[in-house]
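Note that the structure is a prediction, hence the values are computed from the model and not measured. A, B, ... follow the sequence lines: proteins, then strands. Residue 1 opens every chain.
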There are 2 protein chains.
Amino acid sequence: MGAREKLTDAMSELLWERGYAATSPRDVMTRAGVGQGSMYHHFAGKHDLAVASLSAVSGTMADEASVLEDVEAGTPLERMKAYLRLPRPGTRGCRIGRMTQDPQSVTDPDLARIVQGAFATMLGRWEDAIAAAVAAGELPGTVVPADLARTLSAVIQGGYVLARAEGDQAPMDAAIRGAVALLDATSASVDPSARESRAPRERGDQEEGRS
Amino acid sequence: MGAREKLTDAMSELLWERGYAATSPRDVMTRAGVGQGSMYHHFAGKHDLAVASLSAVSGTMADEASVLEDVEAGTPLERMKAYLRLPRPGTRGCRIGRMTQDPQSVTDPDLARIVQGAFATMLGRWEDAIAAAVAAGELPGTVVPADLARTLSAVIQGGYVLARAEGDQAPMDAAIRGAVALLDATSASVDPSARESRAPRERGDQEEGRS
DNA sequence: GTCTATATTCGGATAGAC
DNA sequence: GTCTATCCGAATATAGAC
């Protein structure tokens, strides 16, 4: 593994753990195990390195959200719940969302654009899945996809905040359970006559218990 | 206004804007308009000043959440929605929640305890209001107050994250609208026979699930 | 390409005058 | 109580040797 990749990997970790402002070039070089000259040879400076590292992280997060549009994974509502239930290390926080609280990250146009793009991608996938769920009669027609997409995305992001505040994974899991329960109750309120015709099985087999 | 109060006010603002790690004693003194000697006379150092300032902020936030238990403000569900709809400056972020992303704040036992206490107070009020809503038949008996409290608290905290990510208030408002809509739909799904504890009818058919 | 040495500024705090 | 002067180390980067 070349020095360049070692540096971006180390920077990605440190951005996650400490954020941009609190990460010094020294820290990165030490963790990457390369000398100072290597870093300034491959990158113009801390900023340049952060842009490269955060871009890579943003890509992997976008991939994760593809569960929402994976038709193989079940009905739209099932995919929404599956995405909500993906394992998330609450006490470590979100690698992208964390940046929004870093004053320098928000100010920096390059970093801000990366964060904004990551959220735009995820929200777009949420909206598509929600609209599909409405079309399939899994959610009532009164649901506004753009609103609910932000609500559910906020539950995840807020779950990270709560988990970090308490230093415990439990609040994150509880927040997700509560959101799934709201979705189930909302789904149950759909007028049966509006349901999609190609999934005409009995209702009531969706009650999967989570402890 | 004495130097001490000027310092805590300035520190509170800077903690909000930049967090703990990114705020230097110099910044605080400059904004407060006092000399360096004054600061080290009234406080042992940056840490001591931050503890005093954050404690004050935590108190005002707890006061705000008292809407949830203000019986004058309406039914439990109405109070929940009223609290969700309180005006919140999304792009500025939450004064308490922001601390959870500051590496030094989470590490520091004193600061961490303040943040943890603020969330504990708020979550407790949420749980009480939700339990009251269930008791009043405004929400179904299947609702788990501890879970839903964290879900709704997460919507608010996540709303801040989304708003900051996009540099726009709109995502915060959308997230709140979506949450209120979910609550309304869930409320509508309550079995009418379980409503209004003043005129209690037979209960117990909630166990059969939502079919 | 990678290293060590060196500048420069800032963060955080102390000392002591007024 | 409040101020200015000053110290020490870290953050960020440049210079130039190997």
Side-chain angles (χ1 to χ4, degrees), chain A residues 1-54 98-99 101-112 114, chain B residues 1-56 98-99 101-112 114:
Chain A
M1 188 167 58
R4 185 187 172 91
E5 191 181 356
K6 279 197 260 190
L7 285 164
T8 52
D9 283 358
M11 185 51 141
S12 296
E13 289 177 16
L14 287 166
L15 283 179
W16 193 8
E17 294 172 15
R18 312 182 193 176
Y20 179 71
T23 297
S24 75
R26 248 198 187 99
D27 299 330
V28 184
M29 296 171 333
T30 300
R31 183 168 300 204
V34 303
Q36 200 157 12
S38 296
M39 172 174 156
Y40 285 99
H41 170 75
H42 290 289
F43 300 95
K46 174 184 174 181
H47 172 262
D48 191 27
L49 174 53
V51 168
S53 302
L54 196 60
R98 130 181 269 314
M99 295 295 129
Q101 304 298 338
D102 194 308
Q104 299 192 32
S105 297
V106 182
T107 304
D108 186 303
D110 296 318
L111 296 177
I114 295 172
Chain B
M1 190 166 59
R4 187 189 169 88
E5 192 182 356
K6 278 197 262 190
L7 285 164
T8 53
D9 284 359
M11 185 51 143
S12 296
E13 289 177 16
L14 288 166
L15 283 179
W16 193 7
E17 294 171 15
R18 311 182 194 175
Y20 180 71
T23 296
S24 74
R26 255 200 183 94
D27 298 331
V28 184
M29 297 173 330
T30 300
R31 181 167 303 204
V34 302
Q36 201 156 11
S38 296
M39 173 175 154
Y40 285 100
H41 170 75
H42 290 289
F43 300 95
K46 174 185 174 180
H47 172 262
D48 190 28
L49 175 53
V51 169
S53 301
L54 196 61
S55 292
R98 125 179 276 313
M99 295 297 130
Q101 304 298 337
D102 194 308
Q104 300 193 30
S105 297
V106 181
T107 304
D108 186 303
D110 297 319
L111 296 178
I114 295 172

request  = Indicate yes or no for a side-chain donor-acceptor contact from Asp102(A) to the backbone of Tyr20(A) under 3.5 Å, with no hydrogens or angles considered.
outcome  = yes
inquiry  = Near DNA chain C, counting only heavy atoms under 4.0 Å, which residues of residues 7-15 of chain B show up?
reply    = none
task = Take atom CD of Gln36(A) and atom P of dA11(D), then tell me their distance rounded to the nearest Å.
result = 12 Å
query = After noting the C-alpha distance and the side-chain angles of Leu111(A) and Met99(A), does the key distance pass the side-chain contact (heavy atoms from CB on, under 4.5 Å) rule?
reply = CA-CA 9 Å; Leu111(A) 296 177; Met99(A) 295 295 129; over 6 Å; no
remark   = Closest non-hydrogen contact found for Thr23(A) with Leu14(A) is OG1-O, 3.4 Å
note = Between Gln104(B) and Gly37(B), whichever has its closest DNA chain C nucleotide further toward 5' is Gln104(B)
message = Quick check against the 3.5 Å criterion: does Arg98(A) have a side-chain atom that pairs as donor or acceptor with the backbone of Trp16(A)?
response = yes
Could you list the donor-acceptor pairs under 3.5 angstrom formed between side-chain atoms of residues 31-45 of chain A and any protein atom two or more places apart in sequence or on another chain?
from     : atom 1 : to       : atom 2 : distance (Å)
Arg31(A) : NH1    : Glu13(A) : OE1    : 2.9
Arg31(A) : NH1    : Glu17(A) : OE2    : 2.9
Arg31(A) : NH2    : Glu17(A) : OE1    : 3.2

query = Is a side-chain donor or acceptor of Ser53(A) paired with a backbone partner of Ala50(A) at a separation under 3.5 angstrom?
reply = no
Residues which pass side chain to side chain donor-acceptor pair (under 3.5 Å) with Ser24(A), listed by chain and number, not counting sequence neighbours = Asp27(A)
note = Applying salt bridge (Lys or Arg N to Asp or Glu O under 4.0 Å) to Asp9(A) and not counting sequence neighbours gives none
query = Which nucleotide of DNA chain C is the first, and which the last, in the 5' to 3' direction, to come under 4.0 Å of a heavy atom belonging to chain B?
reply = dG11(C) to dT14(C)
key: Atom pair CG (Leu7(B)) and CG (Asp48(B)), whose distance is rounded to the nearest 0.5 Å   = 11.0 Å
message = On DNA chain D, compare the nucleotides closest to Ala44(A) and Ser38(B); which residue's is nearer the 5' end?
response = Ser38(B)
Approximate separation, where rounding is to 0.5 Å, of Leu54(A) CG and Thr8(A) OG1 = 12.0 Å
ask   = Residues from residues 22-29 of chain B sitting under 4.0 Å of DNA chain C, heavy atoms only?
value = Thr23(B), Ser24(B), Pro25(B), Arg26(B)
inquiry  = Tell me the interatomic distance from Met39(A), atom CE, to dT14(D), atom P, rounded to whole angstroms.
reply    = 10 Å
